[in-house]
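Everything on this sheet refers to the single structure shown next.
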Amino acid sequence: MSRARILSTARLNSIIAVHLRHGHLIDAVELFRDNPHHLDIKSWNLMLSGYARSGCIECAQKLFDEMPHKDVVSWNTMMAGFKRAGDSLNVFRHFLEMVRSGLRPTGSTLATVIPASVPSSAMLSQFHAFAIRMAFASNTFVGTALIGGYASLKDPTSFRRVFDEIRVKNLVSWTALIIGYMELGSVVEARQAFKTMPERNVVAWTAMINGYIDNDNLDDAKRCFDQMPEKNVLAWTSMIKGYERGGQFAEALNLFIEIHRCCSIKPNQFTYSATLIVCARCCSFVAGQSVHALLLKSGLPFDMILSSSLVDMYGKCGDIDSAVQVFESMKVHNLVSWNSMIGCYARHGFSQRALEGFERMKEEGVQPDHVTFICILTACVHGGLVKEGERYFQSMQREFKIEPRMEHYGCMVDLLGRAGQLNEAEKLIKGMPLEPDMVIWGALIGACRLHSSLEYGLSAVQAVQRLDKDHPAIYSMMLRVHDDRGNWKRVDELKEIMEKVSVRRKQQGTSWVESPLIVQR
DNA sequence: ATAGGGTTAG
(Lines give C-alpha, C1' and ligand atoms only; values in the text may rest on other atoms or scores of the structure.)
Protein backbone atom coordinates (compact mmCIF):
# COMPACT_ATOMS: atom_id res chain seq x y z
CA MET A 1 0.00 0.00 0.00
CA SER A 2 1.20 3.46 -0.67
CA ARG A 3 -0.40 5.13 2.29
CA ALA A 4 3.07 6.50 2.94
CA ARG A 5 2.72 9.11 0.26
CA ILE A 6 -0.66 10.28 1.45
CA LEU A 7 0.32 10.88 5.05
CA SER A 8 1.41 14.25 6.31
CA THR A 9 3.97 14.34 9.09
CA ALA A 10 1.44 15.53 11.65
CA ARG A 11 -1.00 12.78 10.67
CA LEU A 12 1.76 10.19 10.70
CA ASN A 13 2.83 11.22 14.18
CA SER A 14 -0.66 11.08 15.58
CA ILE A 15 -1.18 7.56 14.19
CA ILE A 16 2.15 6.42 15.62
CA ALA A 17 1.11 7.92 18.97
CA VAL A 18 -2.19 6.04 18.91
CA HIS A 19 -0.43 2.74 18.15
CA LEU A 20 1.97 3.32 21.01
CA ARG A 21 -0.80 4.26 23.41
CA HIS A 22 -2.45 0.94 22.68
CA GLY A 23 0.78 -0.95 23.05
CA HIS A 24 0.99 -1.78 19.34
CA LEU A 25 4.71 -1.20 19.14
CA ILE A 26 5.17 -3.25 15.99
CA ASP A 27 2.59 -1.24 14.02
CA ALA A 28 4.25 1.97 15.16
CA VAL A 29 7.69 0.72 14.10
CA GLU A 30 6.33 -0.29 10.71
CA LEU A 31 4.83 3.14 10.03
CA PHE A 32 7.99 4.78 11.23
CA ARG A 33 10.25 2.67 9.02
CA ASP A 34 7.96 2.90 5.96
CA ASN A 35 7.93 6.71 5.89
CA PRO A 36 11.51 7.87 6.21
CA HIS A 37 10.87 11.12 4.36
CA HIS A 38 7.95 12.21 6.46
CA LEU A 39 9.63 12.01 9.82
CA ASP A 40 10.36 14.97 12.01
CA ILE A 41 12.02 15.09 15.41
CA LYS A 42 8.67 14.45 17.09
CA SER A 43 8.33 11.13 15.26
CA TRP A 44 11.77 10.05 16.43
CA ASN A 45 11.04 11.09 20.00
CA LEU A 46 7.73 9.24 19.92
CA MET A 47 9.48 6.05 18.88
CA LEU A 48 12.17 6.55 21.50
CA SER A 49 9.61 6.76 24.27
CA GLY A 50 7.68 3.84 22.77
CA TYR A 51 10.76 1.62 23.02
CA ALA A 52 11.72 2.95 26.45
CA ARG A 53 8.24 2.35 27.86
CA SER A 54 8.07 -1.14 26.45
CA GLY A 55 11.22 -1.86 28.41
CA CYS A 56 13.55 -2.32 25.45
CA ILE A 57 16.10 0.28 26.39
CA GLU A 58 18.60 -1.27 23.96
CA CYS A 59 16.23 -0.59 21.06
CA ALA A 60 15.75 2.98 22.25
CA GLN A 61 19.50 3.42 22.53
CA LYS A 62 20.00 2.13 18.97
CA LEU A 63 17.42 4.53 17.60
CA PHE A 64 18.86 7.34 19.66
CA ASP A 65 22.30 6.74 18.14
CA GLU A 66 20.77 6.78 14.64
CA MET A 67 19.01 10.12 15.17
CA PRO A 68 20.17 12.87 12.83
CA HIS A 69 19.29 15.61 15.35
CA LYS A 70 18.66 15.22 19.04
CA ASP A 71 16.81 17.80 21.09
CA VAL A 72 16.21 18.11 24.84
CA VAL A 73 13.15 15.90 24.61
CA SER A 74 15.20 13.09 23.00
CA TRP A 75 17.74 13.27 25.80
CA ASN A 76 15.05 13.47 28.47
CA THR A 77 13.30 10.47 26.99
CA MET A 78 16.49 8.40 27.05
CA MET A 79 17.19 9.38 30.64
CA ALA A 80 13.64 8.46 31.64
CA GLY A 81 14.11 5.09 29.95
CA PHE A 82 17.30 4.38 31.87
CA LYS A 83 15.64 5.48 35.07
CA ARG A 84 12.81 3.00 34.44
CA ALA A 85 15.39 0.28 33.91
CA GLY A 86 17.04 1.22 37.21
CA ASP A 87 20.24 2.20 35.43
CA SER A 88 21.19 5.39 37.29
CA LEU A 89 24.70 5.32 35.89
CA ASN A 90 23.40 5.78 32.36
CA VAL A 91 20.97 8.46 33.50
CA PHE A 92 23.93 10.51 34.69
CA ARG A 93 26.14 9.67 31.73
CA HIS A 94 23.46 10.96 29.39
CA PHE A 95 22.79 13.96 31.58
CA LEU A 96 26.45 14.97 31.41
CA GLU A 97 26.67 14.31 27.69
CA MET A 98 23.59 16.38 27.08
CA VAL A 99 24.93 19.32 29.06
CA ARG A 100 28.30 18.98 27.32
CA SER A 101 26.61 19.11 23.92
CA GLY A 102 25.39 22.56 24.87
CA LEU A 103 21.76 21.77 25.66
CA ARG A 104 20.19 23.30 28.73
CA PRO A 105 18.33 20.97 31.14
CA THR A 106 14.60 21.53 31.49
CA GLY A 107 12.23 20.82 34.34
CA SER A 108 11.63 17.34 32.89
CA THR A 109 15.36 16.68 32.93
CA LEU A 110 15.59 17.51 36.60
CA ALA A 111 12.45 15.56 37.48
CA THR A 112 14.13 12.51 35.92
CA VAL A 113 17.65 13.00 37.20
CA ILE A 114 16.79 13.90 40.79
CA PRO A 115 15.16 10.58 41.77
CA ALA A 116 18.12 8.76 40.21
CA SER A 117 20.57 10.77 42.31
CA VAL A 118 19.54 9.47 45.73
CA PRO A 119 20.82 8.47 48.17
CA SER A 120 23.68 10.87 47.52
CA SER A 121 23.03 13.95 49.60
CA ALA A 122 25.78 15.89 47.81
CA MET A 123 24.20 15.31 44.41
CA LEU A 124 20.74 16.19 45.62
CA SER A 125 21.98 19.54 46.98
CA GLN A 126 23.67 20.25 43.67
CA PHE A 127 20.51 19.56 41.70
CA HIS A 128 18.45 21.54 44.17
CA ALA A 129 20.80 24.51 43.87
CA PHE A 130 20.69 24.22 40.11
CA ALA A 131 16.89 24.09 40.18
CA ILE A 132 16.74 27.25 42.27
CA ARG A 133 19.16 29.04 39.96
CA MET A 134 17.16 28.10 36.87
CA ALA A 135 13.89 29.02 38.61
CA PHE A 136 12.67 25.37 38.44
CA ALA A 137 12.24 24.86 42.16
CA SER A 138 8.68 26.16 42.10
CA ASN A 139 7.87 23.79 39.21
CA THR A 140 5.37 21.17 40.33
CA PHE A 141 7.28 18.26 38.80
CA VAL A 142 10.71 19.31 40.01
CA GLY A 143 9.40 20.12 43.48
CA THR A 144 7.74 16.73 43.77
CA ALA A 145 10.93 14.97 42.75
CA LEU A 146 12.86 16.99 45.35
CA ILE A 147 10.38 15.96 48.07
CA GLY A 148 11.07 12.32 47.30
CA GLY A 149 14.81 12.98 47.32
CA TYR A 150 14.82 14.67 50.73
CA ALA A 151 12.46 12.05 52.08
CA SER A 152 14.96 9.31 51.27
CA LEU A 153 17.63 11.40 53.00
CA LYS A 154 15.33 11.48 56.03
CA ASP A 155 15.24 15.24 56.02
CA PRO A 156 11.65 16.36 56.76
CA THR A 157 12.59 20.01 57.27
CA SER A 158 13.94 20.23 53.73
CA PHE A 159 11.10 18.43 51.99
CA ARG A 160 8.56 20.52 53.85
CA ARG A 161 10.33 23.66 52.68
CA VAL A 162 10.47 22.36 49.10
CA PHE A 163 6.76 21.55 49.27
CA ASP A 164 5.89 25.02 50.54
CA GLU A 165 7.80 26.56 47.67
CA ILE A 166 5.93 24.68 44.95
CA ARG A 167 3.73 27.28 43.34
CA VAL A 168 0.98 25.04 42.02
CA LYS A 169 0.50 22.10 44.38
CA ASN A 170 -1.57 19.25 43.06
CA LEU A 171 -2.64 15.78 44.18
CA VAL A 172 0.74 14.36 43.27
CA SER A 173 2.76 16.86 45.31
CA TRP A 174 0.49 16.40 48.33
CA THR A 175 0.78 12.63 48.05
CA ALA A 176 4.57 12.85 47.83
CA LEU A 177 4.52 14.87 51.05
CA ILE A 178 2.37 12.27 52.79
CA ILE A 179 4.62 9.45 51.66
CA GLY A 180 7.66 11.38 52.86
CA TYR A 181 6.21 11.78 56.33
CA MET A 182 5.05 8.18 56.47
CA GLU A 183 8.49 6.91 55.48
CA LEU A 184 9.98 8.78 58.41
CA GLY A 185 7.36 7.44 60.77
CA SER A 186 5.75 10.87 61.19
CA VAL A 187 2.21 9.54 61.09
CA VAL A 188 0.74 12.62 62.75
CA GLU A 189 2.18 15.01 60.16
CA ALA A 190 1.10 12.68 57.34
CA ARG A 191 -2.44 12.58 58.68
CA GLN A 192 -2.41 16.37 59.02
CA ALA A 193 -1.34 16.73 55.38
CA PHE A 194 -4.01 14.28 54.28
CA LYS A 195 -6.68 16.29 56.08
CA THR A 196 -5.38 19.58 54.69
CA MET A 197 -5.11 18.62 51.04
CA PRO A 198 -7.91 20.16 48.97
CA GLU A 199 -8.97 16.91 47.28
CA ARG A 200 -8.15 13.22 47.64
CA ASN A 201 -8.10 10.42 45.13
CA VAL A 202 -7.55 6.66 45.36
CA VAL A 203 -3.79 7.09 45.21
CA ALA A 204 -3.75 9.46 48.16
CA TRP A 205 -5.96 7.12 50.18
CA THR A 206 -3.76 4.17 49.29
CA ALA A 207 -0.67 6.12 50.29
CA MET A 208 -2.24 6.57 53.73
CA ILE A 209 -3.07 2.87 53.97
CA ASN A 210 0.45 1.85 52.97
CA GLY A 211 1.91 4.41 55.35
CA TYR A 212 -0.11 3.11 58.29
CA ILE A 213 0.85 -0.45 57.42
CA ASP A 214 4.55 0.40 57.19
CA ASN A 215 4.26 1.98 60.61
CA ASP A 216 2.56 -1.15 61.97
CA ASN A 217 -0.70 0.65 62.52
CA LEU A 218 -3.12 -1.90 61.08
CA ASP A 219 -6.17 -0.48 62.81
CA ASP A 220 -5.86 2.92 61.18
CA ALA A 221 -5.05 1.28 57.86
CA LYS A 222 -8.28 -0.71 58.05
CA ARG A 223 -10.24 2.37 59.12
CA CYS A 224 -8.84 4.25 56.13
CA PHE A 225 -9.63 1.34 53.85
CA ASP A 226 -13.23 1.19 55.07
CA GLN A 227 -13.67 4.93 54.74
CA MET A 228 -12.28 5.44 51.26
CA PRO A 229 -15.08 6.30 48.85
CA GLU A 230 -13.87 4.05 46.04
CA LYS A 231 -11.33 1.26 46.24
CA ASN A 232 -9.23 -0.19 43.48
CA VAL A 233 -7.13 -3.36 43.26
CA LEU A 234 -4.11 -1.62 44.72
CA ALA A 235 -5.97 -0.66 47.87
CA TRP A 236 -7.25 -4.22 48.32
CA THR A 237 -3.83 -5.67 47.70
CA SER A 238 -2.20 -3.30 50.16
CA MET A 239 -4.67 -4.34 52.83
CA ILE A 240 -4.01 -8.04 52.17
CA LYS A 241 -0.30 -7.39 52.51
CA GLY A 242 -0.95 -5.42 55.68
CA TYR A 243 -2.74 -8.32 57.33
CA GLU A 244 -0.04 -10.69 56.13
CA ARG A 245 2.60 -8.46 57.70
CA GLY A 246 0.66 -8.40 60.94
CA GLY A 247 0.34 -12.19 60.93
CA GLN A 248 -3.45 -11.98 60.59
CA PHE A 249 -3.67 -14.59 57.87
CA ALA A 250 -7.37 -15.41 58.15
CA GLU A 251 -8.26 -11.72 57.75
CA ALA A 252 -5.97 -11.49 54.75
CA LEU A 253 -7.59 -14.50 53.08
CA ASN A 254 -11.06 -13.19 53.87
CA LEU A 255 -10.22 -9.95 52.10
CA PHE A 256 -9.13 -11.91 49.07
CA ILE A 257 -12.45 -13.76 49.07
CA GLU A 258 -14.33 -10.50 49.46
CA ILE A 259 -12.72 -9.09 46.32
CA HIS A 260 -14.44 -11.84 44.38
CA ARG A 261 -17.75 -10.75 45.79
CA CYS A 262 -17.49 -7.22 44.45
CA CYS A 263 -17.79 -7.42 40.71
CA SER A 264 -16.05 -4.17 39.82
CA ILE A 265 -12.61 -5.31 40.90
CA LYS A 266 -10.46 -8.02 39.38
CA PRO A 267 -7.43 -9.20 41.32
CA ASN A 268 -4.20 -8.79 39.38
CA GLN A 269 -0.75 -10.42 39.57
CA PHE A 270 0.10 -8.34 42.63
CA THR A 271 -3.02 -9.48 44.43
CA TYR A 272 -2.44 -13.13 43.64
CA SER A 273 1.18 -13.09 44.63
CA ALA A 274 0.34 -11.29 47.91
CA THR A 275 -2.33 -13.89 48.64
CA LEU A 276 -0.07 -16.82 47.81
CA ILE A 277 2.46 -15.45 50.28
CA VAL A 278 -0.28 -15.45 52.90
CA CYS A 279 -1.05 -19.10 52.13
CA ALA A 280 2.64 -19.94 52.33
CA ARG A 281 3.08 -18.19 55.64
CA CYS A 282 0.15 -19.90 57.30
CA CYS A 283 0.92 -23.20 55.52
CA SER A 284 -2.64 -23.51 54.30
CA PHE A 285 -2.47 -25.97 51.47
CA VAL A 286 -6.21 -25.86 50.81
CA ALA A 287 -6.26 -22.08 50.54
CA GLY A 288 -3.10 -22.11 48.41
CA GLN A 289 -4.53 -24.66 46.02
CA SER A 290 -7.78 -22.71 45.72
CA VAL A 291 -5.91 -19.52 44.96
CA HIS A 292 -3.90 -21.40 42.34
CA ALA A 293 -7.14 -22.63 40.76
CA LEU A 294 -8.64 -19.13 40.72
CA LEU A 295 -5.43 -17.83 39.23
CA LEU A 296 -5.66 -20.36 36.39
CA LYS A 297 -9.30 -19.46 35.83
CA SER A 298 -8.50 -15.73 35.80
CA GLY A 299 -6.43 -16.12 32.66
CA LEU A 300 -3.72 -13.82 33.99
CA PRO A 301 -0.35 -14.54 32.40
CA PHE A 302 2.15 -16.22 34.68
CA ASP A 303 5.15 -14.08 35.28
CA MET A 304 8.32 -14.84 37.17
CA ILE A 305 7.03 -13.46 40.45
CA LEU A 306 3.72 -15.28 40.33
CA SER A 307 5.35 -18.61 39.49
CA SER A 308 7.93 -18.16 42.21
CA SER A 309 5.21 -17.41 44.74
CA LEU A 310 3.48 -20.62 43.68
CA VAL A 311 6.65 -22.69 44.01
CA ASP A 312 7.24 -21.22 47.42
CA MET A 313 3.65 -21.71 48.53
CA TYR A 314 3.65 -25.40 47.52
CA GLY A 315 7.07 -25.82 49.05
CA LYS A 316 6.00 -24.33 52.37
CA CYS A 317 2.70 -26.24 52.38
CA GLY A 318 4.50 -29.53 51.89
CA ASP A 319 3.38 -30.40 48.35
CA ILE A 320 6.80 -30.94 46.85
CA ASP A 321 5.49 -32.52 43.66
CA SER A 322 3.39 -29.48 42.81
CA ALA A 323 6.28 -27.17 43.64
CA VAL A 324 8.45 -29.12 41.19
CA GLN A 325 5.72 -29.15 38.60
CA VAL A 326 5.28 -25.37 38.68
CA PHE A 327 9.02 -24.86 38.76
CA GLU A 328 9.68 -27.09 35.76
CA SER A 329 6.88 -25.44 33.80
CA MET A 330 8.69 -22.13 33.98
CA LYS A 331 10.55 -21.21 30.81
CA VAL A 332 13.28 -19.37 32.64
CA HIS A 333 14.33 -19.46 36.25
CA ASN A 334 15.86 -16.65 38.20
CA LEU A 335 17.50 -16.29 41.57
CA VAL A 336 14.27 -16.20 43.53
CA SER A 337 12.61 -19.15 41.80
CA TRP A 338 15.75 -21.22 42.29
CA ASN A 339 15.93 -20.23 45.94
CA SER A 340 12.30 -21.24 46.41
CA MET A 341 12.90 -24.62 44.78
CA ILE A 342 16.17 -25.40 46.54
CA GLY A 343 14.65 -24.18 49.80
CA CYS A 344 11.73 -26.54 49.31
CA TYR A 345 14.03 -29.55 48.87
CA ALA A 346 16.19 -28.47 51.80
CA ARG A 347 13.25 -27.99 54.15
CA HIS A 348 11.88 -31.41 53.41
CA GLY A 349 15.14 -33.23 53.84
CA PHE A 350 15.90 -33.90 50.17
CA SER A 351 19.49 -32.82 50.63
CA GLN A 352 20.81 -34.45 47.51
CA ARG A 353 18.18 -32.88 45.30
CA ALA A 354 18.83 -29.49 46.86
CA LEU A 355 22.52 -29.78 46.04
CA GLU A 356 21.73 -30.99 42.51
CA GLY A 357 19.47 -27.97 42.12
CA PHE A 358 22.36 -25.76 43.12
CA GLU A 359 24.51 -27.26 40.38
CA ARG A 360 21.77 -26.81 37.79
CA MET A 361 21.26 -23.24 38.91
CA LYS A 362 24.91 -22.47 38.29
CA GLU A 363 24.76 -24.21 34.90
CA GLU A 364 21.87 -21.93 33.96
CA GLY A 365 24.09 -19.00 34.81
CA VAL A 366 22.09 -17.79 37.80
CA GLN A 367 24.32 -16.31 40.50
CA PRO A 368 23.54 -17.59 44.01
CA ASP A 369 23.05 -15.09 46.83
CA HIS A 370 23.08 -15.34 50.61
CA VAL A 371 19.60 -16.88 50.65
CA THR A 372 20.74 -19.67 48.31
CA PHE A 373 23.48 -20.52 50.74
CA ILE A 374 21.10 -20.59 53.69
CA CYS A 375 19.11 -23.19 51.73
CA ILE A 376 22.22 -25.14 50.78
CA LEU A 377 23.59 -25.18 54.33
CA THR A 378 20.17 -26.17 55.66
CA ALA A 379 20.21 -29.08 53.21
CA CYS A 380 23.61 -30.13 54.56
CA VAL A 381 22.33 -29.94 58.14
CA HIS A 382 19.35 -32.15 57.31
CA GLY A 383 21.52 -34.63 55.46
CA GLY A 384 24.31 -34.61 58.04
CA LEU A 385 26.71 -33.61 55.25
CA VAL A 386 29.45 -32.05 57.37
CA LYS A 387 32.28 -32.11 54.82
CA GLU A 388 30.06 -30.73 52.06
CA GLY A 389 28.63 -28.05 54.31
CA GLU A 390 32.10 -26.86 55.24
CA ARG A 391 33.07 -26.79 51.59
CA TYR A 392 30.01 -24.74 50.59
CA PHE A 393 30.60 -22.40 53.51
CA GLN A 394 34.14 -21.81 52.25
CA SER A 395 33.18 -21.41 48.61
CA MET A 396 30.42 -18.99 49.51
CA GLN A 397 33.06 -16.61 50.80
CA ARG A 398 35.96 -17.33 48.47
CA GLU A 399 34.24 -18.07 45.17
CA PHE A 400 31.07 -16.01 45.45
CA LYS A 401 32.32 -13.25 47.75
CA ILE A 402 29.28 -13.48 49.98
CA GLU A 403 29.86 -12.39 53.57
CA PRO A 404 28.31 -14.97 55.93
CA ARG A 405 25.40 -13.62 58.00
CA MET A 406 24.04 -14.79 61.30
CA GLU A 407 21.86 -17.44 59.60
CA HIS A 408 24.85 -18.99 57.85
CA TYR A 409 26.75 -19.27 61.12
CA GLY A 410 23.61 -20.71 62.67
CA CYS A 411 23.52 -23.46 60.05
CA MET A 412 27.22 -24.22 60.50
CA VAL A 413 26.98 -24.43 64.29
CA ASP A 414 23.97 -26.68 63.89
CA LEU A 415 25.81 -28.83 61.34
CA LEU A 416 28.99 -29.22 63.38
CA GLY A 417 27.10 -29.55 66.64
CA ARG A 418 24.79 -32.31 65.46
CA ALA A 419 27.82 -34.18 64.16
CA GLY A 420 29.29 -34.00 67.66
CA GLN A 421 32.05 -31.61 66.70
CA LEU A 422 31.29 -29.36 69.64
CA ASN A 423 34.80 -28.03 69.84
CA GLU A 424 34.71 -26.97 66.19
CA ALA A 425 31.29 -25.40 66.66
CA GLU A 426 32.45 -23.39 69.65
CA LYS A 427 35.57 -22.32 67.81
CA LEU A 428 33.45 -21.07 64.91
CA ILE A 429 31.27 -19.04 67.26
CA LYS A 430 34.27 -17.51 68.99
CA GLY A 431 35.76 -16.52 65.63
CA MET A 432 32.57 -14.89 64.33
CA PRO A 433 32.84 -11.24 63.33
CA LEU A 434 29.23 -10.78 64.45
CA GLU A 435 27.85 -10.83 67.98
CA PRO A 436 26.31 -14.32 68.29
CA ASP A 437 22.57 -14.20 68.94
CA MET A 438 20.14 -16.55 70.64
CA VAL A 439 19.80 -18.72 67.56
CA ILE A 440 23.53 -19.41 67.43
CA TRP A 441 23.80 -20.32 71.10
CA GLY A 442 20.54 -22.23 70.85
CA ALA A 443 22.03 -24.39 68.10
CA LEU A 444 25.06 -25.14 70.29
CA ILE A 445 22.92 -25.83 73.34
CA GLY A 446 20.74 -28.13 71.27
CA ALA A 447 23.85 -30.00 70.19
CA CYS A 448 25.10 -30.22 73.79
CA ARG A 449 21.76 -31.65 74.76
CA LEU A 450 22.03 -34.18 71.95
CA HIS A 451 25.55 -35.23 72.89
CA SER A 452 25.21 -34.80 76.67
CA SER A 453 28.03 -32.34 76.92
CA LEU A 454 27.98 -30.29 80.08
CA GLU A 455 31.37 -28.74 79.36
CA TYR A 456 30.39 -26.90 76.18
CA GLY A 457 26.83 -26.55 77.38
CA LEU A 458 27.74 -24.55 80.44
CA SER A 459 29.78 -21.97 78.59
CA ALA A 460 26.94 -21.59 76.12
CA VAL A 461 24.51 -21.18 78.98
CA GLN A 462 26.59 -18.38 80.42
CA ALA A 463 26.60 -16.64 77.06
CA VAL A 464 22.84 -17.01 76.71
CA GLN A 465 22.21 -15.70 80.19
CA ARG A 466 23.95 -12.52 79.17
CA LEU A 467 21.45 -12.19 76.33
CA ASP A 468 18.30 -13.61 77.82
CA LYS A 469 18.09 -14.95 81.34
CA ASP A 470 15.99 -18.08 81.76
CA HIS A 471 15.67 -19.04 78.15
CA PRO A 472 13.78 -22.35 78.11
CA ALA A 473 16.44 -23.99 75.94
CA ILE A 474 18.92 -23.75 78.82
CA TYR A 475 16.80 -25.77 81.19
CA SER A 476 15.79 -28.24 78.59
CA MET A 477 19.44 -28.88 77.76
CA MET A 478 20.63 -29.06 81.35
CA LEU A 479 17.79 -31.36 82.38
CA ARG A 480 18.52 -33.70 79.56
CA VAL A 481 22.27 -33.76 80.21
CA HIS A 482 21.94 -34.39 83.94
CA ASP A 483 19.24 -36.91 83.23
CA ASP A 484 21.54 -38.79 80.86
CA ARG A 485 24.25 -38.89 83.44
CA GLY A 486 21.91 -40.12 86.13
CA ASN A 487 22.50 -37.00 88.16
CA TRP A 488 19.01 -37.10 89.66
CA LYS A 489 19.79 -34.64 92.39
CA ARG A 490 20.65 -31.94 89.88
CA VAL A 491 17.56 -32.81 87.87
CA ASP A 492 15.33 -32.25 90.87
CA GLU A 493 17.09 -29.01 91.71
CA LEU A 494 16.63 -27.75 88.19
CA LYS A 495 12.97 -28.67 88.12
CA GLU A 496 12.51 -26.79 91.35
CA ILE A 497 14.16 -23.70 89.93
CA MET A 498 12.03 -23.97 86.84
CA GLU A 499 8.89 -24.08 88.97
CA LYS A 500 10.02 -21.07 90.95
CA VAL A 501 10.92 -18.81 88.08
CA SER A 502 8.10 -20.31 86.04
CA VAL A 503 10.19 -20.66 82.95
CA ARG A 504 8.34 -19.91 79.76
CA ARG A 505 7.19 -23.06 78.10
CA LYS A 506 8.88 -23.84 74.85
CA GLN A 507 6.50 -22.82 72.12
CA GLN A 508 4.65 -25.78 70.77
CA GLY A 509 5.34 -26.78 67.20
CA THR A 510 2.15 -26.98 65.21
CA SER A 511 1.27 -29.20 62.33
CA TRP A 512 -0.46 -27.65 59.37
CA VAL A 513 -3.98 -28.67 60.13
CA GLU A 514 -6.15 -26.95 57.59
CA SER A 515 -8.00 -23.87 58.55
CA PRO A 516 -11.71 -24.24 57.83
CA LEU A 517 -11.36 -21.50 55.29
CA ILE A 518 -12.44 -22.51 51.85
CA VAL A 519 -12.22 -20.08 49.01
CA GLN A 520 -15.41 -20.06 47.06
CA ARG A 521 -16.69 -18.18 44.11
C1' DA B 1 6.96 14.35 21.73
C1' DT B 2 9.85 14.13 27.41
C1' DA B 3 8.93 14.56 33.47
C1' DG B 4 6.34 13.91 39.43
C1' DG B 5 2.52 10.13 43.72
C1' DG B 6 0.28 3.92 45.39
C1' DT B 7 1.66 -2.83 44.93
C1' DT B 8 5.17 -7.88 42.81
C1' DA B 9 8.87 -13.60 45.12
C1' DG B 10 12.95 -16.39 49.21
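Keep in mind that this is a model prediction, so the values were computed, not measured. The chains referred to below are lettered A, B, ... by the order of the sequence lines, with proteins before strands, and numbering in each begins at 1.
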For A:Ile179, answer base if it contacts any base atom (sugar-phosphate contacts may also be present), sugar-phosphate if it contacts only those atoms, and nothing otherwise; contact means non-hydrogen atoms under 4.0 Å. sugar-phosphate
Measuring from the side chain of A:Phe270 (C-beta onward, heavy atoms only), which nucleotide among B:dG4, B:dT7, B:dA9 has the closest atom? B:dT7
Can you tell me the distance, in whole Å, between the OH atom of A:Tyr51 and the C1' atom of B:dA1? 16 Å
I need the CH2-P distance between A:Trp44 and B:dT2, as an integer number of Å. 17 Å
Should the SG-SG distance of A:Cys56 and A:Cys59 be recorded as below 2.5 Å? yes
Is the phosphate of B:dA3, meaning OP1 or OP2, less than 4.0 Å from a side-chain N or O of A:Arg53? yes
Is a donor-acceptor contact shorter than 3.5 angstrom present between the side chain of A:Asn334 and the base of B:dA9? yes
Can we say A:Arg245 and A:Glu251 salt-bridge, meaning some charged N sits less than 4.0 Å from an Asp/Glu carboxylate O? no
Of the nucleotides B:dA9, B:dT2, B:dG6, which has the atom closest to the A:Ser308 side chain? B:dA9
For A:Asp369, report the nucleic acid contact type (base, sugar-phosphate, nothing); a contact means any heavy atom under 4.0 Å. base
Under 4.0 angstrom, heavy atoms only, what part of the nucleic acid is A:Thr77 near: base, sugar-phosphate, or nothing? sugar-phosphate
Look at the side chain of A:Asn201 and the base of B:dG5, then say whether one donor and one acceptor between them are separated by less than 3.5 Å. yes
Could you tell me the separation between the CE atom of A:Met313 and the P atom of B:dA9, rounded to a whole number of Å? 16 Å
Could you check how far CG of A:Leu124 sits from C1' of B:dG4, rounded to whole Å? 14 Å
Under the criterion side-chain contact (heavy atoms from CB on, under 4.5 Å), which of A:Thr9, A:Asn13, A:Val73 is the partner of A:Lys42? A:Asn13
Taking only the side-chain heavy atoms of A:Leu234 (C-beta and beyond), determine which of B:dT7, B:dG5, B:dA1 contains the nearest atom. B:dT7
If you only use heavy atoms from C-beta on, which nucleotide in B:dG5, B:dA9, B:dA3 is closest to the side chain of A:Val172? B:dG5
Per atom distances to the A:Asn170 side chain, the nearest of B:dA9, B:dG4, B:dA1 is B:dG4
Nucleotide nearest A:Asn210 when distance is taken to its side chain, options B:dA9, B:dG4, B:dG6: B:dG6
From the set B:dA1, B:dA3, B:dA9, return the single nucleotide nearest to any side-chain atom of A:Ile277. B:dA9
Given B:dG4, B:dA9, B:dG5, the nucleotide with the shortest approach to the side chain of A:Val203: B:dG5
Using whole Å, report how far CE of A:Met78 lies from P of B:dA3. 13 Å
For the side chain of A:Asn45, starting at C-beta, report the closest nucleotide among B:dA9, B:dA1, B:dG4. B:dA1
In terms of side-chain geometry, is the basic nitrogen of A:Glu359 or A:Lys362 positioned less than 4.0 Å from the acidic oxygen of its partner? yes
For A:Ala176, which contact category applies under a 4.0 Å heavy-atom criterion: base, sugar-phosphate, or nothing? nothing
When you check the gap from the basic side-chain N to the acidic O, do A:Arg200 and A:Glu230 get nearer than 4.0 Å? no
In whole angstrom, give the distance that lies between atom CD1 of A:Ile166 and atom P of B:dG5. 12 Å
B:dG5 P sits how many Å from A:Asp214 CG, rounded? 16 Å
Strictly below 4.0 Å, N to O, side chains only: are A:Asp219 and A:Arg223 in salt-bridge contact? no
Short side-chain N/O contact to B:dG4 OP1/OP2 from A:Lys83, under 4.0 Å: yes
Please give, in whole Å, the distance from B:dG6 P to A:Lys231 NZ? 21 Å
